[in-house]
Colleague: 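Please see the structure below; I have some questions.
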There are 2 protein chains.
Amino acid sequence: MASDDLYEKKKQFVEEISLLMEESGKPRIAGQIMGWLMICDPPQQSFSDLVEHLDVSKASISNMTRMLLQSGLIEKVRIPGERQIHFQIQEEAWVNVLENQLENINALRKISATGLDLLEEDPDTDKTRLRKMNKFYQFAEKNLPKLIHQYKKEHFD
Amino acid sequence: MASDDLYEKKKQFVEEISLLMEESGKPRIAGQIMGWLMICDPPQQSFSDLVEHLDVSKASISNMTRMLLQSGLIEKVRIPGERQIHFQIQEEAWVNVLENQLENINALRKISATGLDLLEEDPDTDKTRLRKMNKFYQFAEKNLPKLIHQYKKEHFD
DNA sequence: TATCTTGTTCAATATGTACTGAATATTTTG
DNA sequence: CAAAATATTCAGTACATATTGAACAAGATA
């Protein structure tokens, strides 16, 4: 019947989001949680909702929700009257995904500077590779936050 | 002695780059190759240079160089007189790292649109999560390429 | 063609980590 | 406080994939 079809499509949606997040290094189940929390009704789901719906262990939900909380992709919500913890997508979840990468970018700028320092000691070795790397990550470190800021400004609510 | 010290620091440089690349999902050895190719002298290294210097198997070098070639981080170089293949960092390597992520961003914009389509079928379910996601990735898809383009323009050579 | 060098592919192992069930801790209810 | 419900931690398993040695292929040399 039609609703089964829709259900299948939702499952598939969850699976695809999960796959995409796996590509950037997140565990499968973290991606499934994100996927489900994007389309579930209501938007906030209890611990056991997640266990049952995704059909995974409590341990996984416990660990993966912690990870997602930590990286700012979901948030805890207390629902009046309910006693279970509930989770929902953080308002700025997907912005935060990008924002989180800034740390990596910062680290890469730093290491490129370190590399340049290192090569001071042997002057004959080509340094253009490192200079380019350093230039690029300086640029990124300066402009990506600007871009994010711009987005937030345009879409404040 | 002092040169041993420098050598140690170079090793450490390679290791750190490798670690940072691992965080974005690349295999350890791919990161090591990148690290070494950033500071080696000369900038182009033969297949067996890599095998010996990084002390890993031929198979690994073969597979990982293929991967790095594919993602545009290194390039093959023929050196006159030499018969081994040589590799060096691609000019725009680190720009390409970012550029490669655009595919993922594109996929995430698409899946958010798919999600919105899905939820057409049950009107009571909250759609703001998906709308926000979609908005953000539209923004990213529009502005990140611009940013990259701007960088390239400012640093043409 | 025979031989040596260079690089790829294949099958098997090693390694890391995602995931789980069970035990434990924590919180809520009566 | 006892009992029930909920969540975390722990120790072990399962699983994926990175890595390897050895066999194989391809190319150069002579």
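All values reported here derive from a predicted model rather than from experimental measurement. Each chain gets a letter, A, B and so on, in the order its sequence line appears, and its residues count up from 1. These numbers come from the heavy atoms of this one structure, side chains and all, not from hydrogens, waters or symmetry mates.
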Colleague: In terms of side-chain geometry, is the basic nitrogen of B/Lys10 or A/Asp122 positioned less than 4.0 Å from the acidic oxygen of its partner?
Modeller: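 A/Asp122 and B/Lys10: salt-bridged.
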Colleague: When you match A/Met67 and A/Arg78 each to their closest nucleotide on DNA chain C, which lands nearer the 5' end?
Modeller: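 It is A/Met67 whose nearest nucleotide is closer to the 5' end.
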Colleague: Give a yes or no on whether A/Leu118 and A/Leu130 share a hydrophobic cluster (residues Ile, Leu, Val, Met, Phe, Trp, Tyr; joining criterion: side-chain heavy atoms under 4.5 Å apart).
Modeller: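 Yes; tracing contacts between hydrophobic side chains, which count when under 4.5 Å, links both residues.
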Colleague: Treat each ILVMFWY residue as a node, draw an edge where side-chain heavy atoms are under 4.5 Å apart, and state whether B/Val51 and B/Phe87 are in one component.
Modeller: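 Yes, because B/Val51 and B/Phe87 connect within a single hydrophobic cluster, where side-chain heavy atoms sit under 4.5 Å apart.
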Colleague: Should A/Leu19 and B/Tyr137 be counted in the same cluster of Ile, Leu, Val, Met, Phe, Trp and Tyr side chains packed under 4.5 Å apart?
Modeller: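 Per the 4.5 Å side-chain linkage, A/Leu19 and B/Tyr137 are not co-clustered.
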Colleague: Is the shortest side-chain N/O distance from A/Arg83 to OP1 or OP2 of D/dA4 below 4.0 Å?
Modeller: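 Looking at the OP1 and OP2 atoms of D/dA4, neither is under 4.0 Å from any side-chain N or O of A/Arg83.
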Colleague: Atom CD of B/Glu82 and atom C1' of D/dA28: how far apart are they, to the nearest Å?
Modeller: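 B/Glu82 atom CD is separated from D/dA28 atom C1' by 15 Å.
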Colleague: Using 4.0 Å as the upper bound for N to carboxylate O, is an ion pair formed by B/Lys110 and A/Glu16?
Modeller: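 No salt bridge links A/Glu16 with B/Lys110.
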Colleague: Which heavy atom of B/Lys127 sits nearest a heavy atom of B/Leu119, and at what distance?
Modeller: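 Minimum heavy-atom contact is CE-O, 3.3 Å.
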Colleague: Would you say the side-chain atoms of B/Asn63 pair up with the backbone N or O of B/Ala59, donor to acceptor, closer than 3.5 Å?
Modeller: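 Such a contact is found between B/Asn63 side chain and B/Ala59 backbone.
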Colleague: Measure the distance from CG on A/Leu50 to C1' on C/dC19 and round it to the nearest whole Å.
Modeller: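 Roughly 16 Å, once rounded to whole Å.
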Colleague: Find the bend of the helix from C/dT1-D/dA30 to C/dG30-D/dC1 as the angle between its two terminal axes (five pairs each), to the nearest 10°.
Modeller: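 What I find for the helix from C/dT1-D/dA30 to C/dG30-D/dC1 is an axis angle of 20°.
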Colleague: Between B/Lys135 and A/Glu154, is there a salt bridge with N-O shorter than 4.0 Å?
Modeller: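 Looking at B/Lys135 together with A/Glu154, the answer is no, because their closest N to O distance does not fall below 4.0 Å.
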Colleague: Select from A/Ser46 and A/Glu22 the residue whose nearest nucleotide in DNA chain D is closer to the 5' end of that strand.
Modeller: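 Per heavy-atom nearest nucleotide, the more 5' residue is A/Ser46.
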Colleague: May I have the step-by-step check of salt bridge (charged side-chain N to carboxylate O under 4.0 Å, His left out) for A/Glu15 and A/Lys9, ending in yes or no?
Modeller: CA-CA 10 Å; A/Glu15 211 43 54; A/Lys9 283 182 183 165; over 6 Å; no
Colleague: Below the 4.0 Å mark, does C/dT17 have OP1 or OP2 next to a side-chain nitrogen or oxygen of A/Arg28?
Modeller: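 No, no such contact exists.
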Colleague: Among residues 53-63 of chain A, which contact DNA chain C at a heavy-atom distance under 4.0 Å?
Modeller: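 Correct list: A/Val56, A/Ser57, A/Ala59, A/Ser60.
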Colleague: Return the value, rounded to whole Å, for the distance between atom CD of A/Glu23 and atom C1' of D/dT17.
Modeller: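 Result: 16 Å.
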Colleague: Would you say B/Gln84 places a side-chain N or O within less than 4.0 Å of OP1 or OP2 belonging to C/dT5?
Modeller: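 Answer no for this pair, as no side-chain N or O of B/Gln84 is under 4.0 Å from OP1 or OP2.
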